[in-house]
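Presented below is the structure to which this report refers.
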Amino acid sequence: MHTLPRRWFSLFAGALALLAAGSLLAQTPKKPLKIGFSQTGAESAWRTANTVSMKTEAEKRGIDLKFSDAQSKQENQIRAVRSFITQGVDVIVIAPIVETGWDPVLREAKRAHIPVILTDRTIKTEDESLYACFIGSDFYEEGRMAADWLAKFAAGKGNIVELQGTPGSAPANERRKAFADAITKYPGLKIIDSQSGDFRRAGGKEVMEAFLKKHSKAIDVVYAHNDDMALGAAQAIEEAGLKPGKDITIVTIDAINEAIQAIVDGRINCTVECSPLFGPKVYETAAKLVAGEKVPKKAYNKDELFDSSNAAAALPSRVY
Ligand code: GYE
């Protein structure tokens, strides 16, 4: 080595350093994806599970997530989407509170060339090119499953009161329509009253109290558009001195842990699953959109149904 001229040695060392820098550069991770997510709010246990899924999965993947809670107001969601556009995010994700009124702000996102993923709830628009895709559940199918289960359980007979979700939201509209459509096959099943409890536990309890006063003993069944309202209604029924799940049948949607436990305890009779665990699917899709890949326009989760036949066995493995 001592015979090697100094100049050669420093050339050799320089080349080595260049090589090392090159391979380091190749290993440097790409810029993290910057994603803006406009969440509806925190109206239910389902929503909380959805927020947790979106946040923890973003952290796992090193995504720079701009999270905005709209506190159940569409105008806050629209403001959040505008601020995501100004911040130059790579992808915008929206869980739209209601179905209508989205076109203007979606046009702004399109002009800024930012793809939009609708998650959880769908929208009504004249121009389907305003969003890249939808990821969520088939709310119509959920309402149909609830109605068919009830028809069997109640042998096609009974007076039903309905607790609707947020007025104008896709799940309230679809779950209502599907259930009404399905029970036309069973003339003995009648919806005698229907009111919104806004997907909230307190809302379900309050509306159920009013129904119990108004209809006294005529109610056989509660159909709730989500578990939180069903659990609120169960409490109202107990406070009126009746037994939920026995004196009044309760059929609901979401399949949160507490509802499955309530089935095991005999206070609720059936819940149709609606998975809130979208995080992985949303970010996988966002990465594909940024890479310019094609994604399916609509992707639905597969949802199950729980009643006294399978609730206890399912409980230990439930995630939300
Ligand atoms: O069923 C309810 C939540 O949009 C599917 O919103 C979601 C619904 C869910 O508040 O619990």
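All values below come from the heavy atoms of this structure, side chains included, with hydrogens, waters and symmetry mates left out. Each ligand, and each atom within it, is numbered from 1 in the order the structure gives.
- Between Arg200 and Glu206 there is no salt bridge, since none of the side-chain N atoms of the basic residue sits less than 4.0 Å from a carboxylate O of the acidic one.
- At a threshold of 4.0 Å, the pair Lys205-Glu209 counts as salt-bridged, since one of the basic side-chain nitrogens sits closer than that to a carboxylate oxygen.
- With respect to Asp148 and Lys185, a salt bridge is recorded, a charged nitrogen being found less than 4.0 Å from a carboxylate O.
- Listed by chain and residue number, the protein contacts of ligand 1 are Glu43, Ser44, Trp46, Arg47, Asp120, Arg121, Phe139, Pro171, Arg175, Phe199, Asn226, Asp254, Cys274 (heavy atom within 4.0 angstrom).
- Using a 4.0 Å cut-off between a side-chain N of Lys or Arg and a carboxylate O of Asp or Glu, Asp120 and Arg47 qualify as a salt bridge.
- Salt bridge Glu141/Arg144: present, at least one basic N to carboxylate O contact under 4.0 Å.
- Arg176 meets the side chain to side chain donor-acceptor pair (under 3.5 Å) test with Glu162; sequence neighbours excluded.
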